[in-house]
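Heads up, the thing below is written out as structure tokens.
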Amino acid sequence: MQEERIGKIHLQELWLRPLFSCLSAEIVADGQRWSGVQENTPGSSWRRGTRSVEQSPSAAMVGLKPPEVPPTAAVKFFSAGTAACIADLCTFPLDTAKVRLQIQGEVRIPRSTSTVEYRGVLGTLSTMVRTEGLRSLYSGLAAGLQRQMSFASIRIGLYDSVKQLYTPKGAESTGLAARLLAGCTTGAVAVTCAQPTDVVKVRFQANGATPDGARRYSGTVDAYRTIAREEGVRGLWRGTLPNIARNAIVNCGELVTYDLIKDALLRAQLMTDNVPCHFVAAFGAGFCATVVASPVDVVKTRYMNAGPGQYRNVLSCLLALLMQDGVAGLYKGFVPSFLRLGSWNIVMFISYEQLQRAVTLARPAQS
């Protein structure tokens with residue numbers, strides 16, 4: 001009887017074991033083992049449970065580990081602006097070269113010995129250094145950093161929060177429509193707030209294409225004052241509509257693509273949530289954003305750089321570009337655009353992810 005009772009207990013244990021293994025699963029992520037139960041929440045397929053001290057020998061962690069507490073909206077806002085400034089510092093010369101190539105043939109320069117022709121990315125950079133000095137590569141940097149702190153903080157830092165607003169309650173995951181709407185929303189709001197800094201940045205970057213005697217502004221503050229005095233306050237918001245269109249496209253091609261690639265890599269367990277994964281997702285996002293946004297970017301740059309009365313509206317600017325350069329003109333400066341946007345995305349997203357984790361991990365230590 002006792003042996004039969006022991007046998008029944010053993011059979012019950014074998015029958016219950018698969019049930020408990022389904023309820024309490026163990027996964028390996030970011031080089032550590034995590035145990036918990038599966039939950040269906042947007043953006044997360046597993047809820048972190050108790051963490052064991054055992055390290056997985058097969059997964060090496062690159063960069064800071066994800067914190068147990070998700071970063072707040074304020075942390076994301078600050079991290080996005082700071083990461084964008086870091087990316088701008090690293091890639092600003094490429095952005096300046098892109099602007100020079102995009103406006104070449106459009107800026108009405110007096111035909112003299114000071115006329116400069118730019119050919120290719122390296123040719124543009126070397127010509128600028130030779131004719132204007134090394135500092136010309138960072139012309140407009142102050143306005144560029146001002147732009148990123150106000151612009152990137154909104155469009156990138158608030159993307160996740162807005163995405164959750166568009167996600168229906170009870171949904172297992174965030175759909176593509178919610179991601180696209182979030183990208184368009186944060187992009188439009190960011191442009192509305194930061195447009196004056198973008199106008200000044202473009203003017204400074206294009207300013208060196210004219211002879212030294214024709215330089216329009218002596219500094220960033222002088223640029224804001226001069227534009228407001230000569231063109232009115234509306235001049236500081238010149239090109240807002242094409243810029244909203246551009247950034248709605250860029251956000252969808254950049255943030256949404258990064259979000260989708262990263263999510264796919266993590267769900268397929270091809271990579272863990274660390275620097276290599278962020279690098280691959282950012283590279284893909286940069287390429288997609290350049291392809292879809294380059295035509296709008298060219299029109300936006302030319303329109304914002306134009307003097308008063310040169311174009312009646314954005315449409316006349318587009319028609320003038322097509323008549324002068326054809327459809328190929330819409331992709332003027334594509335190579336520097338991709339080099340700049342691709343490298344900018346890589347630096348920005350890696351910095352953004354690491355800054356979020358650093359700030360979040362540092363907060364408990366300060367309290």
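- Without hydrogens or angle criteria, Thr360 side chain to Arg357 main chain gives no donor-acceptor distance under 3.5 Å.
- Summarising the local packing, CZ of Phe287 is surrounded by 12 or fewer heavy atoms from other residues, nucleotides or ligands at distances under 6.0 Å.
- Of all the heavy atoms in Cys184 and Ala248, the pair that sits closest is SG-CB, 4.1 Å.
- Within 6.0 Å of the OH atom in Tyr138, the count of heavy atoms belonging to other residues, nucleotides or ligands exceeds 12.
- Put simply, the side chain of Val191 reaches to within 4.5 Å of the side chain of Ile244, judged on heavy atoms.
- Panel note: side chain Thr186, backbone Leu158; no donor-acceptor pair is recorded below 3.5 Å.
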Verdict with supporting geometry, Ser173 and Arg267, side-chain contact (heavy atoms from CB on, under 4.5 Å): CA-CA 12 Å; Ser173 61; Arg267 286 182 181 275; 4.1 Å; yes
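- Side-chain contact check for Leu266 versus Cys277: some heavy-atom pair is nearer than 4.5 Å.
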Does His278 form a side-chain contact (heavy atoms from CB on, under 4.5 Å) with Ile261? I'd like the steps, not just the answer. CA-CA 9 Å; His278 305 156; Ile261 294 176; over 6 Å; no
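- Among pairs with a residue in residues 146-195, none fulfils ring-ring contact (aromatic ring centres under 6.0 Å, His included), at least two apart in sequence or across chains.
- Remark: the backbone N or O of Gly123 is paired with a side-chain donor or acceptor of Ser126 at under 3.5 angstrom.
- Residues Leu330 and Val298 fail the side-chain proximity criterion, which asks for heavy atoms closer than 4.5 Å.
- Contacts of Glu353 classified as side-chain hydrogen bond (donor to acceptor under 3.5 Å, both in side chains), with partners at least two apart in sequence or in another chain: Tyr258, Lys262.
- Between Ala80 and Ser153, the closest heavy-atom pair is CB-CA, 4.1 Å.
- Using a distance-only test at 3.5 Å, with no hydrogens or angles considered, a donor-acceptor pair links the side chain of Asn247 to the main chain of Asn243.
- Using a 4.0 Å cut-off between charged nitrogen and carboxylate oxygen, Glu231 and Arg203 count as a salt-bridge pair.
- Between the side chain of Thr72 and the backbone N or O of Val75 there is at least one donor-acceptor pair closer than 3.5 Å.
- In the hydrophobic cluster analysis, where Ile, Leu, Val, Met, Phe, Trp and Tyr join through side-chain heavy atoms closer than 4.5 angstrom, Met149 is grouped apart from Ile156.
- Residues Val291 and Ile249 do not share a hydrophobic cluster, defined by chaining ILVMFWY side chains whose heavy atoms lie under 4.5 Å apart.
- The CD atom of Glu254 lies 8.5 Å from the OG1 atom of Thr290; values are rounded to the nearest 0.5 Å.
- Checking side-chain atoms of Arg147 against main-chain N and O of Asp198 turns up no donor-acceptor pair under 3.5 Å.
- Smallest separation of non-hydrogen atoms from Val199 and Gly235: CG1-O, 4.0 Å.
- Contact detail for Asn251 and Gly183: the closest heavy-atom pair is ND2-O, 2.7 Å.
- The side chain to side chain contact (heavy atoms under 4.5 Å, CB included) check on Thr220 picks up Ala142, Ala143, Gln146, Val200, Phe204, Tyr224, with sequence neighbours excluded.
- The structure places CE of Met128 at 7.5 Å from OG of Ser139, a figure rounded to the nearest 0.5 Å.
- Side chain of Thr240 to main chain of Trp237: a donor-acceptor pair is present (N/O by atom type, distance under 3.5 Å, no hydrogens or angles).
- The main-chain N or O of Tyr303 is found under 3.5 Å from a side-chain atom of Arg238 such that the two form a donor-acceptor pair.
- Judged by distance alone, with hydrogens and angles left aside, the side-chain atoms of Asn313 form a donor-acceptor pair with the main-chain N or O of Ser316 at under 3.5 Å.
- Ion pairing between Asp160 and Lys163 holds under the 4.0 Å rule for side-chain N and carboxylate O.
- Once rounded to the nearest 0.5 Å, the distance linking SG of Cys317 with CZ of Arg312 reads 11.5 Å.
- The pair Glu230-Arg225 does not meet the salt-bridge criterion, since no charged nitrogen lies less than 4.0 angstrom from a carboxylate oxygen.
- Side-chain contact between Arg155 and Val189: absent, with no pair of heavy atoms (C-beta onward) separated by less than 4.5 Å.
- No single ILVMFWY cluster, assembled from side-chain heavy atoms under 4.5 Å apart, contains both Phe283 and Phe349.
- When all heavy atoms of Cys193 and Pro196 are compared, the closest pair comes out as O-CD, 4.2 Å.
- Here the straight-line distance linking atom CZ of Phe279 with atom CD1 of Ile346 works out to 4.0 Å at 0.5 Å rounding.
- Both Leu339 and Leu125 are members of a single hydrophobic cluster when ILVMFWY side chains are connected at heavy-atom separations under 4.5 Å.
- By the neighbour-count criterion of 12 heavy atoms within 6.0 Å, atom CG of Leu89 is densely surrounded, having more than that number from other residues, nucleotides or ligands.
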Using the side-chain contact (heavy atoms from CB on, under 4.5 Å) rule, take Arg302 and Lys332 through it: C-alpha gap first, then chi angles, then the decisive distance, then the call. CA-CA 11 Å; Arg302 289 201 171 194; Lys332 262 195 169 183; 3.5 Å; yes
Walk me through whether Arg229 and Thr226 qualify under side-chain contact (heavy atoms from CB on, under 4.5 Å). CA-CA 5 Å; Arg229 183 177 64 251; Thr226 303; 3.8 Å; yes
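- Ion pairing between a basic and an acidic side chain is recognised when a charged N comes within 4.0 Å of a carboxylate O; Arg340 and Asp88 show such pairing.
- Distance alone, capped at 3.5 Å, places no donor-acceptor pair between the Thr82 side chain and the Ser79 backbone.
- A distance of 11.5 Å separates CG in Leu355 from CD1 in Ile350, rounded to the nearest 0.5 Å.
- Considering CZ of Arg179 and OG1 of Thr174, their distance stands at 5.5 Å, rounded to 0.5 Å.
- Of all heavy-atom pairs spanning Ala87 and Val347, the tightest one is CA-CG1, 3.7 Å.
- A heavy-atom distance below 4.5 Å is found between the side chains of Leu176 and Val256.
- Cluster membership for Leu94 and Leu134, using ILVMFWY side-chain heavy atoms within less than 4.5 angstrom, is shared.
- Look at Arg100 and Asp95 and you find no salt bridge, because none of the NZ, NE, NH1 or NH2 atoms lies under 4.0 Å from a carboxylate O.
- Residues Leu236 and Gln195 fail the side-chain proximity criterion, which asks for heavy atoms closer than 4.5 Å.
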